There are 2 protein chains.
Amino acid sequence: MNSCEHCTVRDKAVCRSLNAEDMERLGRMGRHQKLSRGQVLQWEGDESLLIGNVIEGVVKLSASTRQGKDQTLGIAYPGDFIGRPFGARSAQTVTALSEARVCTFRRADFDEFARTHPELEHDMLRRTLDELDHLRSWMLLLGHKSAQSKVASFLLEMAHRLGEPTSDGAGVAFTLPFGRQEIAEVLGMTIETVSRQITQLRNDRLVETPGQRDIVIRDRATLQDLAEME
Amino acid sequence: MNSCEHCTVRDKAVCRSLNAEDMERLGRMGRHQKLSRGQVLQWEGDESLLIGNVIEGVVKLSASTRQGKDQTLGIAYPGDFIGRPFGARSAQTVTALSEARVCTFRRADFDEFARTHPELEHDMLRRTLDELDHLRSWMLLLGHKSAQSKVASFLLEMAHRLGEPTSDGAGVAFTLPFGRQEIAEVLGMTIETVSRQITQLRNDRLVETPGQRDIVIRDRATLQDLAEME
DNA sequence: CGATTCCTTGACTGACCTCAAGTGCCGTGG
DNA sequence: CCACGGCACTTGAGGTCAGTCAAGGAATCG
């Protein structure tokens, strides 16, 4: 059973707009799924049958070119909404980057519920508008920035989402839910270039890398400057 | 006075979701503006005070990097919605690419009206979700495709939006509302590269260019293949 | 018929990709 | 505990595609 009242994203996901009774009704339509790292929830081109909320973990949305190169289109964190309600097809593959839990709905059920709950749609509209703005800032990045700048931007965004102050308080630390290849797919570049850029940031003492996926940002200001260059 | 009943985008813009009475009320809040080519409606970073619909013409949404390079983030056609309701700031500049007419609202007015008209918000939600999907396909393009492929994709999209069959029925013709520089800003490349690619497409007999901004697509199939390459 | 603006073309450069070989990390099994 | 293999990341060498800089042509407008 889904105990929405105790859900960890109760106050972050779209459900927050609902009163207790409606939440209860929506909750009965939903279904919790555990995803292990790398597991695919929905295939690009499948009819979009699932709508969901990320409860725990990180998932990526991606698409691939005909020649088989993948581009990551978005990253969803706990509380974020995934899927495409209302008629259109999903053009994305949803893949768990870490162990994850999601709360899914059959699209038809969700659509109907949403149509009769304006407060839910309003919340979704705001989220979608925010997502649009966010995506547009990534377009700037993909379109014009150098490899150096892309990597710096990426690390800053990750720090913003996942970062914790280091014990000495002088930096921000986090563990990437991405391997190098996945970073490359986000930024539209190759794994080698990503690696070289991170190496250079390390040599320049802007970041440390205690483990392969661990990042400590040491000089946020300079990193920020790099991120804003072309 | 705004006579919404006779508006040319009456059945395309978000207003279509409203009944006659509500449309009338919304219409009284709105204001028509004529824009000449190149005129700016809203500056990047301004507090987003305007919400609007494009009635006629084509406008672009753009942002620029700190170093002064512009990236076009979106293109709005008649019936499309522009602006950012509900709280957040606009991060875009809105510029008319051709003579254009838009119907604008003060944001506060629009927000309040929308909040009390769920059918309007539903329509906006669908539009915004579509826009998001569309933007994601452009990310694929910006991230991974070659210059050749970008230009091919761009021309096909324009043909889809603006194309008319040629008199001999063997091609699709249209006049771009863009100069070369503007195309470059859409695709995240330089004006010289755009020019070279178009020249090559012309040499390969895939398109003709009767005038600087006129395009006739002669071999859609091959162009499509190019567009799908990397 | 200049003057301006926009587009095209050419030569050169450099950033990033490709291909290829290392290096380090971690789990498994001896 | 160490040897081994697999995998992910790093590093290097070389090539290519698009950017830069510069000049020349075509369209548009007074």
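Because the structure is predicted, anything quoted here is derived from the model rather than measured. All chains are named by letter (A, B, ...) in the order of the sequence lines, taking the proteins before the strands, and each is independently numbered beginning at 1.
Computed from coordinates, the Gln197(B) CD to dG10(C) P distance equals 14 Å when rounded to whole Å. Rounded to whole angstrom, the span from the CD1 atom of Ile191(A) across to the P atom of dC17(C) amounts to 12 Å.
Judged purely by distance below 3.5 Å, without hydrogens or angles, the side chains of Ser36(B) and Gln39(B) pair a donor atom with an acceptor atom. Residues Arg202(B) and Thr209(B) have side chains that bring a donor and an acceptor to within less than 3.5 angstrom of each other. Ser149(B) and Ser146(B) form no side-chain donor-acceptor contact under 3.5 Å, judged by distance and modelled atom types alone. Checking His144(B) against Glu185(A) by side-chain atom types alone, no donor-acceptor pair falls below 3.5 Å. Side chains of Asp70(A) and Ser62(A): no donor on one and acceptor on the other come within 3.5 Å.
Residue Arg37(A) qualifies as open at atom CZ: its count of foreign heavy atoms under 6.0 Å is 12 or below. For Arg106(B), the CZ atom counts as loosely surrounded, since its 6.0 Å shell holds 12 or fewer non-hydrogen atoms of other residues, nucleotides or ligands.
Thr199(B) comes within contact range of the sugar-phosphate backbone alone, with a heavy-atom separation under 4.0 Å but no base atom that close.
Close approach of DNA chain D to chain B, defined as any atom under 4.0 Å from a non-hydrogen atom of the protein, starts and stops at dA18(D) to dC21(D).
Within 3.5 Å, a donor on the side chain of Glu192(A) pairs with an acceptor on the base of dC19(C), or the reverse.
Taking a pair as Watson-Crick or G-U wobble with both distances under 3.5 Å, DNA chain C forms stems of 3 or more consecutive pairs at C:1-30 with D:1-30.
Applying a 4.0 Å cut-off to non-hydrogen atoms, the residues of residues 142-152 of chain B that approach DNA chain D are Ser146(B), Ala147(B), listed by residue number.
Without hydrogens or angle criteria, Glu56(B) side chain to Ala100(B) main chain gives no donor-acceptor distance under 3.5 Å.
Closest of all the heavy-atom pairs between Val59(B) and Ala96(B) is CG1-CA, 4.0 Å.
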